[in-house]
Amino acid sequence: NDLLEDFDKFMNDDFSTARVLANMFEIVPTINSIKDKILNMRSISSGTLQRMQTLFYNYLEEVFGLKDYTENNETFSGVMELVADIRKEAKQKKDFATSDKIRNHVAALGINMKDEKDGSITWQRR
């Protein structure tokens, strides 16, 4: 909460974006630990999680202007979900050559695919 509280304080202090980004980098390991189920989501209050999400969105997209302007985002997401499903099917059939080829090809295009513990496959752009 203290790190989040400082966002506005730093921006009001000569528009200190570097200090806001430094706080974000301190918070990210906690977010990743929750996402990777290393840290229990209940260890942080729902209000703090909501505040974190809101402030990160507001600062990254609205203040810093880091928006994703990719055309046809829904189409791209749909294609990537299909690619992930095909890769998952290949893995289930123990066709690891095809599975690896898909992962390596999309990685070369700047997309990381991750095999989750529950058997699902997630992806994200670098």
Side-chain angles (χ1 to χ4, degrees):
N1 274 320
D2 290 339
L3 293 170
L4 295 171
E5 191 68 37
D6 287 341
F7 283 18
D8 288 337
K9 183 175 96 180
F10 292 154
M11 289 305 285
N12 291 331
D13 180 24
D14 250 354
F15 205 63
S16 184
T17 57
R19 291 172 73 187
V20 173
L21 289 170
N23 277 19
M24 286 181 168
F25 277 103
E26 281 192 55
I27 295 169
V28 166
T30 301
I31 294 169
N32 287 337
S33 293
I34 292 170
K35 178 187 172 286
D36 294 338
K37 296 180 173 79
I38 295 168
L39 182 64
N40 188 327
M41 186 177 274
R42 294 180 195 173
S43 63
I44 297 177
S45 75
S46 62
T48 300
L49 285 173
Q50 179 63 41
R51 186 168 178 232
M52 209 181 309
Q53 182 180 23
T54 300
L55 284 173
F56 267 68
Y57 171 81
N58 287 342
Y59 272 86
L60 290 173
E61 292 200 10
E62 302 300 327
V63 175
F64 299 146
L66 300 174
K67 295 182 182 183
D68 184 4
Y69 291 106
T70 305
E71 297 282 328
N72 299 319
N73 220 10
E74 288 181 30
T75 302
F76 178 78
S77 293
V79 169
M80 283 307 302
E81 292 303 320
L82 174 62
V83 170
D85 286 345
I86 293 169
R87 181 166 181 263
K88 184 177 177 180
E89 288 174 15
K91 285 182 67 176
Q92 289 171 340
K93 294 177 183 176
K94 300 196 185 300
D95 181 0
F96 300 113
T98 300
S99 174
D100 291 346
K101 182 178 180 180
I102 292 169
R103 184 195 61 230
N104 294 339
H105 189 78
V106 297
L109 297 171
I111 300 164
N112 290 332
M113 295 190 100
K114 182 178 179 186
D115 300 324
E116 300 294 343
K117 291 178 184 175
D118 66 359
S120 66
I121 297 175
T122 58
W123 60 271
Q124 71 181 53
R125 296 177 191 169
R126 278 187 253 146

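If you're wondering where the values come from, they're calculated on a predicted model, not measured in any experiment.
Residue Met80 is grouped with residue Leu82 when hydrophobic side chains (ILVMFWY) are merged at heavy-atom distances under 4.5 angstrom, including chains of intermediate members. Hydrophobic cluster membership is shared by Met41 and Leu39, with clusters built from Ile, Leu, Val, Met, Phe, Trp and Tyr side chains linked at under 4.5 angstrom. Residues Ile34 and Tyr57 do not share a hydrophobic cluster, clusters being chains of Ile/Leu/Val/Met/Phe/Trp/Tyr side chains in contact below 4.5 Å.
The side-chain heavy atoms of Arg125 and Phe76, taken from C-beta on, include a pair separated by under 4.5 Å. Here the side chains of Met24 and Leu21 are in contact, with some heavy-atom distance below 4.5 Å. By the 4.5 Å heavy-atom criterion applied to side chains, Val20 and Val63 are not counted as neighbours. Side chains of Trp123 and Glu81 form a contact here, defined as non-hydrogen atoms less than 4.5 Å apart. The closest side-chain heavy-atom distance from Asp36 to Lys114 is below 4.5 Å.
Under the ring pair (Phe, Tyr, Trp, His ring centres under 6.0 Å) criterion, Phe7 pairs with Tyr59, not counting sequence neighbours. For Arg51, the side chain to side chain contact (heavy atoms under 4.5 Å, CB included) partners are Asn1, Leu4, Glu5, Leu55, not counting sequence neighbours.
Exactly one of Ile102, Asp100, Val106 qualifies for a side chain to side chain contact (heavy atoms under 4.5 Å, CB included) with Asn104. That residue is Asp100.
Expressed to the nearest 0.5 Å, how far CG of Asn58 lies from CD of Gln53 amounts to 10.5 Å. Rounding to the nearest 0.5 Å gives a distance of 10.0 Å between CG of Leu49 and OG1 of Thr30. Between Phe10 atom CZ and Leu3 atom CG the span is 8.0 Å, to the nearest 0.5 Å. The distance from the CD1 atom of Ile44 to the CE atom of Met52 is 4.5 Å, given to the nearest 0.5 Å.
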Please assess Arg103 against Asp115 for the test salt bridge (Lys or Arg N to Asp or Glu O under 4.0 Å), listing each intermediate value before the final yes or no. CA-CA 10 Å; Arg103 184 195 61 230; Asp115 300 324; 5.3 Å; no
Candidate pair Ile111 and Arg126, rule side-chain contact (heavy atoms from CB on, under 4.5 Å), full reasoning: CA-CA 6 Å; Ile111 300 164; Arg126 278 187 253 146; over 6 Å; no
Take Asp6 and Lys9 through the salt bridge (Lys or Arg N to Asp or Glu O under 4.0 Å) test and state the conclusion after the steps. CA-CA 5 Å; Asp6 287 341; Lys9 183 175 96 180; 3.4 Å; yes
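The two residues Ala90 and Ser99 have their closest heavy-atom pair at CB-N, 4.0 Å. Considering every non-hydrogen atom in both Lys91 and Phe96, the closest pair reads O-CE2, 4.0 Å. A pairwise comparison of heavy atoms in Ala84 and Ile121 identifies O-CD1, 3.7 Å as the closest pair.
With hydrogens and angles ignored, the 3.5 Å screen pairs a side-chain donor or acceptor of Thr54 with a backbone N or O of Gln50.
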